[in-house]
Colleague: 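For reference, the structure I am asking about is given below.
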Amino acid sequence: MKYRQLGNSELHVSEISLGSWGIYEGVEQQNVEASIHKAFDVGINLIDTSNSYAAGGAESFLGEVLQGIERSSYILATKVFFPMSPTDQGLSAVQIKKQIDASLKRLCTDYIDLYQCHRYDPNTPLEETMMALTEVVHQGKARYIGFSEWSPEQIQAAFNLADVEHFVSSQPQYSMLWREPEAEVFPLCATNGVGQIVWSPLAQGILTGKYQPGQAPPQDSRAANEKMNLFLLENLFSDRILTAVQKLKPIAQDLNLSMAQLALAWVLHSEYVSSAIIGASRPEQIVDNAAASGVQLNADVLAAIDQELASVCL
């Protein structure tokens, strides 16, 4: 496993990181725990979660599983914004103070390495949010702060504020099929010392090649899971896109890579990306995905991928 510095922080994160939504929702707890331990075995040191995953259940589960593991040996990231109850949501000072304490309790830890705004809160003044996050850092409850899916204007506005802690991480959706952050978010963040921890690098599993055009999803897949397919990116799940993805298989085979490894290596070829978040329902998926770390794709391979996906990537 290789590691990269996260923005201007002192954190060095594994190129592959483990997300807790994908391995918690709809997955047997025994497999979840085994997957987490396998992640550590292969060198993954960044675990990403959120207070909203399973209404706090993911954090609580992690808090149990991580007991007995040296706290300084891994980087723990969580998020705040989405509703925890009809009255508990958003990024107000009250909510940030309340939710950080609740997350710390569920995670059974004294501090969060990376505390992230899960989305932008248009109902709270940005200065209030940033001052509250600054207080969280100064209190030692979080080491660094980040955000997920903020617009370039929102990102810049945060950096324009004086006397507040600055973000060190961004968590955008990014994959071979979803390239929107490349235009503005990536360069703006780089200018401000913000690294990218990207989610859905496998496009919700579409880039693994397991979904065949014109066929029902495999029974053990995310798309077939009644609880999880609600989150499948419907604009990516079409025969046109699935057909294009199948054309990547010879490229992966020539490189002796799995389709997942090819997709992850593609994401990691970007100088802006610090880590790619994976989810897994089985430990062997962790092993396969982690092997993408350090894989170098040459210009010819990158061009071949672009040629096959040119008409379908967003």
Side-chain angles (χ1 to χ4, degrees), residues 4-13 17 46-52 59 71-72 74-84 87-107 109-172 181 183-199 271-275:
R4 300 182 181 185
Q5 183 176 356
L6 180 60
N8 282 342
S9 78
E10 296 180 355
L11 302 176
H12 285 78
V13 297
S17 47
L46 172 59
I47 307 296
D48 180 78
T49 188
S50 169
N51 65 341
S52 64
E59 287 186 333
R71 180 64 182 86
S72 63
Y74 61 91
I75 295 168
L76 188 56
T78 192
K79 311 182 196 74
V80 59
F81 170 75
F82 286 115
M84 295 299 288
T87 57
D88 287 326
Q89 59 184 299
L91 299 176
S92 68
V94 170
Q95 280 302 305
I96 288 173
K97 292 174 183 178
K98 180 177 182 178
Q99 298 305 328
I100 184 68
D101 287 342
S103 288
L104 289 170
K105 183 177 181 179
R106 286 189 292 265
L107 289 163
T109 186
D110 295 328
Y111 68 94
I112 304 298
D113 294 287
L114 182 63
Y115 198 47
Q116 304 158 99
C117 300
H118 212 155
R119 292 294 186 272
Y120 186 85
D121 184 358
N123 298 316
T124 299
L126 178 60
E127 186 171 11
E128 178 181 339
T129 295
M130 297 306 296
M131 289 297 293
L133 292 171
T134 298
E135 183 176 350
V136 164
V137 173
H138 290 177
Q139 291 174 337
K141 295 179 180 180
R143 296 175 64 192
Y144 297 100
I145 58 174
F147 59 85
S148 178
E149 297 293 349
W150 282 28
S151 71
E153 294 75 20
Q154 292 161 352
I155 297 167
Q156 188 59 61
F159 277 98
N160 289 342
L161 294 175
D163 302 321
V164 296
E165 288 290 321
H166 284 167
F167 292 124
V168 301
S169 72
S170 163
Q171 191 173 127
E184 296 184 72
V185 170
F186 281 5
L188 173 61
C189 284
T191 298
N192 289 286
V194 173
Q196 306 296 323
I197 302 173
V198 303
W199 64 274
E271 62 179 336
Y272 299 116
V273 173
S274 301
S275 186

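Everything quoted here is computed from the prediction, not taken from an experiment. Position 1 is the first residue of the sequence, and the numbers go up from there.
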Colleague: Which pairs pass side-chain hydrogen bond (donor to acceptor under 3.5 Å, both in side chains) with one or both residues in residues 183-196, sequence neighbours excluded?
Modeller: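 Sorted result for residues 183-196: Ser170-Gln196.
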Colleague: Does the Thr134 side chain pair with the main chain of Val164, one donor and one acceptor, at a distance under 3.5 Å?
Modeller: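 A pair under 3.5 Å: no.
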Colleague: Keeping the roles fixed (side chain from Ser9, backbone from Val168), state whether a donor-acceptor pair exists under 3.5 Å.
Modeller: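 Between the backbone of Val168 and the side chain of Ser9 there is no qualifying donor-acceptor contact (under 3.5 Å).
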Colleague: When rounded to the nearest 0.5 angstrom, what is the spacing between CD1 in Ile96 and OG1 in Thr124?
Modeller: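 One gets 8.0 Å once the value is rounded to the nearest 0.5 Å.
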Colleague: What is the minimum heavy-atom distance between Leu46 and Ala77, and which atoms define it?
Modeller: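 Looking at all heavy atoms of both residues, the closest pair is CD1-CB, 4.1 Å.
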Colleague: Can you sort out the partners of Asp121 under salt bridge (charged side-chain N to carboxylate O under 4.0 Å, His left out), two or more places apart, ordered by chain and number?
Modeller: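 Once residues adjacent in sequence are excluded, Asp121 has no partner under the salt bridge (charged side-chain N to carboxylate O under 4.0 Å, His left out) criterion.
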Colleague: Just say parallel, tilted or perpendicular for the rings of His166 and Phe159, cut-offs at 30° and 60°.
Modeller: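 Rings of His166 and Phe159: tilted, as their planes differ by 30° to 60°.
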Colleague: Of all residues at least two apart in sequence or in a different chain, which pass the salt bridge (charged side-chain N to carboxylate O under 4.0 Å, His left out) check with Lys105?
Modeller: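 Expected list: none.
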Colleague: Are the side chain of Arg143 and the backbone of Glu10 linked by a donor-acceptor contact shorter than 3.5 Å?
Modeller: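 No; judged by distance alone, with no hydrogens or angles, the pair does not exist.
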Colleague: Less than 4.5 Å apart, side chain to side chain, heavy atoms only: is that true for Val198 and Ser275?
Modeller: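 Heavy-atom side-chain distance check fails, nothing below 4.5 Å.
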Colleague: Just jot down the side chain to side chain donor-acceptor pair (under 3.5 Å) partners of Glu127, sequence neighbours excluded, or say none.
Modeller: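 In terms of side chain to side chain donor-acceptor pair (under 3.5 Å), with neighbours along the sequence ignored, Glu127 is linked to no residue.
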Colleague: Could you tell me whether the side chain of Leu126 reaches within less than 4.5 Å of the side chain of Tyr120, counting heavy atoms only?
Modeller: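 Yes, close enough: below the 4.5 Å cut-off.
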Colleague: Check Leu6, Ile75, Leu114 against Tyr144 for a side-chain contact (heavy atoms from CB on, under 4.5 Å) and give me the one that passes.
Modeller: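 Result for side-chain contact (heavy atoms from CB on, under 4.5 Å) with Tyr144: Leu114.
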Colleague: Taking atom CG of Leu188 and atom OG of Ser151, what is their separation to the nearest 0.5 Å?
Modeller: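 It is 9.5 Å, given to the nearest 0.5 Å.
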Colleague: CZ/Phe186 to CD/Glu271 distance, rounded to the nearest 0.5 angstrom?
Modeller: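 So the CZ of Phe186 and the CD of Glu271 are separated by 10.5 Å.
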Colleague: What is the distance from atom NZ of Lys79 to atom OG1 of Thr49, rounded to the nearest 0.5 Å?
Modeller: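 Going from NZ on Lys79 over to OG1 on Thr49, the span is 6.5 Å.
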Colleague: Would Glu59 and Ser103 satisfy side chain to side chain donor-acceptor pair (under 3.5 Å), going step by step from the backbone distance to the final call?
Modeller: CA-CA 7 Å; Glu59 287 186 333; Ser103 288; 2.9 Å; yes
Colleague: Could you grab the distance from atom CG of Asp113 to atom OG of Ser72, nearest 0.5 Å is fine?
Modeller: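 Here the interatomic distance stands at 10.0 Å.
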Colleague: A quick test of your reading: do over 12 heavy atoms of other residues, nucleotides or ligands sit less than 6.0 Å from CG of Asn160?
Modeller: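 Enclosed: over 12 neighbouring heavy atoms sit under 6.0 Å from CG of Asn160.
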Colleague: Is there a side chain to side chain contact (heavy atoms under 4.5 Å, CB included) between Trp199 and Glu149 once you walk through the steps?
Modeller: CA-CA 10 Å; Trp199 64 274; Glu149 297 293 349; 3.0 Å; yes
Colleague: Is the count of non-hydrogen atoms from other residues, nucleotides or ligands lying under 6.0 Å from Met84 atom CE greater than 12?
Modeller: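 Yes.
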Colleague: Hey, mind stepping through Asn51 and Arg106 against side chain to side chain contact (heavy atoms under 4.5 Å, CB included) and telling me if it holds?
Modeller: CA-CA 9 Å; Asn51 65 341; Arg106 286 189 292 265; 3.4 Å; yes
Colleague: For Gln116 and Asp48: C-alpha separation, side-chain torsions, deciding distance, then whether side chain to side chain contact (heavy atoms under 4.5 Å, CB included) applies.
Modeller: CA-CA 10 Å; Gln116 304 158 99; Asp48 180 78; 3.1 Å; yes
Colleague: Name the orientation class of the two ring planes belonging to Phe167 and Phe147 (parallel below 30°, tilted from 30 to 60°, perpendicular beyond 60°).
Modeller: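 Phe167 and Phe147: perpendicular rings.
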Colleague: Could you list the residues that satisfy side chain to side chain donor-acceptor pair (under 3.5 Å) with Glu165, not counting sequence neighbours?
Modeller: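 If we apply the side chain to side chain donor-acceptor pair (under 3.5 Å) test to Glu165, skipping adjacent residues, the hits are His138.
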Colleague: Considering only heavy atoms from C-beta outward, does the side chain of Ser52 approach that of Phe81 to under 4.5 Å?
Modeller: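 Of all side-chain heavy-atom pairs linking Phe81 with Ser52, none is under 4.5 Å.
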Colleague: State, to 0.1 Å, how close Pro172 and Pro181 come at their nearest heavy-atom pair, and which atoms those are.
Modeller: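 Reported closest heavy-atom pair: CB-CG, 3.9 Å.
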Colleague: So, using salt bridge (charged side-chain N to carboxylate O under 4.0 Å, His left out) as the criterion, who are the partners of Arg4 when residues are at least two apart?
Modeller: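 So Arg4 forms a salt bridge (charged side-chain N to carboxylate O under 4.0 Å, His left out) with Glu15.
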Colleague: List the steps, then state whether side chain to side chain contact (heavy atoms under 4.5 Å, CB included) holds for Thr78 with Tyr115.
Modeller: CA-CA 5 Å; Thr78 192; Tyr115 198 47; 3.7 Å; yes
Colleague: Report yes if the side chains of Gln95 and Val80 come closer than 4.5 Å at any heavy-atom pair, otherwise no.
Modeller: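 They are not in contact (no side-chain heavy atoms under 4.5 Å apart), so the answer is no.
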Colleague: I need the Ile112 CD1 to Lys141 NZ distance, nearest 0.5 Å.
Modeller: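 Between atom CD1 of Ile112 and atom NZ of Lys141 there are 11.0 Å.
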Colleague: With side chains defined as the heavy atoms from C-beta onward, is the minimum distance between Leu133 and Cys117 less than 4.5 Å?
Modeller: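 Of all side-chain heavy-atom pairs linking Cys117 with Leu133, at least one is under 4.5 Å.
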